[in-house]
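Ligands are counted one by one from 1 in listed order, and the atoms in each one are counted from 1 as well. Values reported hereafter were calculated over all heavy atoms of this structure, with side chains retained and with hydrogens, waters and symmetry mates removed. Fair warning: this is a prediction, and the values are worked out from it, not measured in the lab.
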Amino acid sequence: MSNKFDSIVIGSGPGGYVCAIRLAQNGHSVAIIEKNKNFGGTCLNVGCIPSKALLHASHVYEQSKNEYSKMGINVKPSINIKELLNYKEAMIKSNTDGISFLFKKNKIVSINGSAEIISNNSVKVTNGKNIDTYTASNIIIATGSTHNTIPGVDIDEKHIISSTGGLSLDKVPDNLLIIGAGYIGIELGSVWSRLGSKVTFVEAFDKILPNTDDECGEYLRKLLEKRGMKFILNTKVESVKKEKNALKINLINATDSSKSILTSDIVMQSVGRKPYVEGLGLDSIGLKLDKFHNIDVDKNFQTSEKNIYAIGDVINGPMLAHKAEEEGVAVADIICGKYGHVNYDVIPSVIYCDPEIASVGKTESDLKEEKIEYKVGKFPFIANGRAKVNNQTEGFVKILSDAETDKVHGIHIVGSDAGNLIGEAVLALEFGASSEDIARTCHAHPTLTESLKEAALDVDNMAIHK
Ligand code: NAI
């Protein structure tokens, strides 16, 4: 095998593997370097895919316990945690195998080992005692992110865990305290709550999911409380100490600095993630980071060093797999002389709890801050025929459109299947739709999507079923 390529991609998460495939489609000889034994990065191995496997399975369990009998289906479900974890592992394998297949199909050379960039066109790869050097005209860094840490909270992945440990607990803990009510906390907290844990969240902000539309976040918090989860807001965790039979958690109130103590069997820390650049040798080649320790890139994803590009969680922006994928395709096209772009105004976000929250575009707070006048259209799922027969009537669709032009600025959905429903909203924003465009579009009956049309009609108080 030659050690010379047109492009080398470092990291095989959604940003890196998609970038490698697009480079190969564009005619480049491509090598991808991955230090883990499986391809797919955080998303496939310890992120999106395993968490969604657990969310799906625990949702079915909860429904079979609480909802099936309403439809005349009588079952007595129980949880076999070993089998549940096996199911999760099988889902990871089926997805990572898919990437191996795509690499072979696209003639992408995969190299197992840790990459260190030693010049603008060469990379040293270490795998145990083996060290090899590879050269390329372009190097793309797609090494992702790792979890943030809090001083005073030492993760051992047994009792004090990160989200990685939170995907593999071998028994359902009686109590689970989660530091941070963000994306990871809410999703994994939902899993273990459904399986029987008493889940308590400690959140520094005075609301959950701080970047989500306030009304949606507050609505969700109330529902999760009804489901038995507890939220301690406006409070920070100072430290976690291991005592004989439990963990002691020291809390401090963010407003008045009053202190309190809680105990729990397990503590999971989910307080955000930071770019992962360890061992890449960025210092020695003089590659610049910004003030948030992201790799600094220009509009073409070019770093401060010629021929070296960066995408995904290591650069600025939301740490989302689909954002990284978009950047992977864009940088590959730019490198190959084509037009590549990412529309950062139209990147959806989804939190896969029950009900789901999905958003695209601006929130009401954004619009107020930017002094943009807007109209609101809202439609509750309780008035949607399909939601009724599915027995999934919680939540609503909210459309925010410009007061003057009617152009849609943002769409926010809380409800069952919001993550799939947001697809239409993303397309609407990408095409610059007005709420009237959505309202005039025929939506199939009976589907949840009719709620989008109704919310669009409601922007001008013309909803039919409200
Ligand atoms: P996050 O940024 O979503 O939430 C972290 C939370 O921790 C914030 O609410 C913050 O106020 C709180 N916090 C920080 N320090 C604290 C302290 N000392 N005490 C109490 N609370 C504290 O980060 P998270 O949940 O760790 O997720 C990391 C990233 O992973 C997210 O930015 C997201 O982009 C990505 N992700 C995406 C998912 C999806 O798309 N469905 C699912 C899971 C993760």
Side-chain angles (χ1 to χ4, degrees), residues 13-15 41-56 144-155 160-167 177-191 200-212 214 217 220-221 231-240 249-255 257 259-260 262 264 267-276 292 294 312-326 347-360 413 418-420 422 426:
T42 300
C43 170
L44 272 77
N45 294 287
V46 286
C48 317
I49 294 299
S51 62
K52 264 81 259 178
L54 294 181
L55 277 159
H56 176 68
S145 59
T146 184
H147 60 78
N148 277 338
T149 48
I150 311 178
V153 183
D154 298 324
I155 289 173
I160 307 176
I161 57 178
S162 70
S163 57
T164 302
L167 294 165
L177 183 133
I178 298 181
I179 314 175
Y183 279 66
I184 294 179
I186 295 291
E187 289 188 358
L188 289 184
S190 298
V191 167
T200 303
F201 293 89
V202 178
E203 165 57 52
F205 267 91
D206 57 0
K207 54 188 177 183
I208 71 167
L209 300 166
N211 298 323
T212 304
D214 285 348
L220 181 75
R221 185 180 63 78
F231 294 90
I232 301 174
L233 302 178
N234 201 33
T235 302
K236 277 188 168 183
V237 168
E238 275 198 317
S239 63
V240 179
I249 301 108
N250 294 303
L251 308 179
I252 179 159
N253 182 285
T255 313
S257 300
K259 298 202 176 192
S260 54
L262 286 177
S264 182
V267 168
M268 187 180 90
Q269 186 202 273
S270 46
V271 293
R273 297 180 63 84
K274 59 184 176 193
Y276 184 74
F292 303 110
N294 300 306
D313 286 7
V314 284
I315 68 168
N316 192 22
M319 290 185 172
L320 297 171
H322 43 273
K323 174 255 193 191
E325 289 183 33
E326 291 296 308
I347 294 186
S349 70
V350 183
I351 300 138
Y352 298 88
C353 42
D354 177 39
E356 295 177 348
I357 291 195
S359 297
V360 62
I413 307 172
N420 282 322
I422 204 70
V426 177

Seminar exercise, completed: Residues passing the ring-ring contact (aromatic ring centres under 6.0 Å, His included) test with F201, sequence neighbours excluded, are F231

For this session: Can you sort out the partners of H147 under side chain to side chain contact (heavy atoms under 4.5 Å, CB included), two or more places apart, ordered by chain and number?
Result: T149, I155, S162, Q269, R273

Problem set entry | Check against salt bridge (charged side-chain N to carboxylate O under 4.0 Å, His left out), K259 and E238 | CA-CA 9 Å; K259 298 202 176 192; E238 275 198 317; 3.3 Å; yes

Can you list every pair where an N/O of ligand 1 is under 3.5 Å from an N/O on the protein?
| unit_1 | atom_1 | unit_2 | atom_2 | d |
| --- | --- | --- | --- | --- |
| ligand 1 | 3 (O) | Y183 | N | 3.1 |
| ligand 1 | 9 (O) | E203 | OE1 | 2.6 |
| ligand 1 | 9 (O) | E203 | OE2 | 3.1 |
| ligand 1 | 11 (O) | E203 | OE2 | 2.6 |
| ligand 1 | 19 (N) | V237 | N | 3.4 |
| ligand 1 | 21 (N) | A204 | N | 3.1 |
| ligand 1 | 23 (O) | G272 | N | 3.2 |
| ligand 1 | 25 (O) | Y183 | N | 3.2 |
| ligand 1 | 25 (O) | I184 | N | 2.8 |
| ligand 1 | 26 (O) | G272 | N | 2.8 |
| ligand 1 | 34 (O) | M319 | O | 2.7 |
| ligand 1 | 41 (N) | E187 | OE2 | 2.9 |
| ligand 1 | 41 (N) | V350 | O | 2.7 |

Exercise. What residues, two or more places apart in sequence or in another chain, satisfy side chain to side chain contact (heavy atoms under 4.5 Å, CB included) together with S359?
Worked result: S349, I357, H412

Problem set entry | Non-hydrogen side-chain atoms of I186 and L220 separated by less than 4.5 Å | yes

For this session: Say whether, by atom type as modelled, one donor and one acceptor occur between the side chain of S270 and the main chain of I179 under 3.5 angstrom.
Result: yes

